[in-house]
Amino acid sequence: MKKYNKGIAIFIALMLLFLLSLAAIAVLLTAYNYNNICEGQTRRLKAMTSAEAGINYAYWQLRTDLTNFTNDHYSEATADTVTPGSNGMTVKVWATGPVSGRYTVRSKVTYAKTQAI
């Protein structure tokens, strides 16, 4: 009786190595994508916080200097630009109105999408 299965161990070892390589690639890609998702969420959260800070700034301006703020900053083109902190974001703030005695305060944040956090 002849045995022809002497070389089967190398094929099993190569298949096992291939499967482990695929598993490692899947884990690394998952970690990379998770990192990108978290960075995006962090940037969006910082942008929302900066926008809220801009709105609070506009409220303060309306309370202290209503006439000059509404006359100078009445649209996005003439908006007051604020840079809160050193996070690379800029906030534009403007107020429109009054409609029925109320002003509408708007805020727009811009940030670099490739910014390092």
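Both backbone and side-chain heavy atoms feed into the values below; hydrogens, waters and symmetry mates do not.
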| How far does CD of E76 sit from OG1 of T96, to the nearest 0.5 angstrom? | 12.0 Å
| field | Interatomic spacing from OG1 in T81 to NZ in K108 - rounded to 0.5 Å | value | 11.0 Å
| request: Apply side-chain hydrogen bond (donor to acceptor under 3.5 Å, both in side chains) to N56 and list each qualifying residue two or more places apart in sequence or on a separate chain. | output: none
| field | More than 12 heavy atoms from other groups under 6.0 Å of OH on Y74 | value | no
| message | Let me check something: do M48 and V91 share a hydrophobic cluster, defined by ILVMFWY side-chain heavy atoms less than 4.5 Å apart, either directly or through other members? | response | no
| note | So CG of L62 and OG1 of T67: to nearest 0.5 Å the spacing works out to 10.0 Å
| query | Which pair of heavy atoms, one from A47 and one from V109, lies closest together, and at what distance? | reply | O-CG2, 3.4 Å
| request: Supply the atom-to-atom distance D65 CG to T70 OG1, rounded to the nearest 0.5 angstrom. | output: 8.5 Å
| field | Closest approach of T90 to T110 (non-hydrogen atoms, all atoms of both residues) | value | OG1-OG1, 2.6 Å
| Gap separating the CE atom of M89 from the CZ atom of R43, nearest 0.5 angstrom | 8.0 Å
| field | Positive for side-chain contact (heavy atoms from CB on, under 4.5 Å) with I12, one of I8, L14, I10 | value | I8
| request: Not counting sequence neighbours, which residues clear side-chain hydrogen bond (donor to acceptor under 3.5 Å, both in side chains) with Y57? List them please. | output: Q61, D80
| task | To the nearest 0.5 angstrom, please state how far the OH atom of Y59 sits from the OG1 atom of T64. | result | 14.5 Å
| Are W94 and V82 in one and the same hydrophobic cluster, where Ile, Leu, Val, Met, Phe, Trp and Tyr link if side-chain heavy atoms are under 4.5 Å apart? | no
| What are the two closest heavy atoms between H73 and A79, and how far apart are they? | ND1-C, 3.7 Å
| Nearest heavy-atom pair of A51 and S107: which atoms, and what distance? | O-OG, 3.2 Å
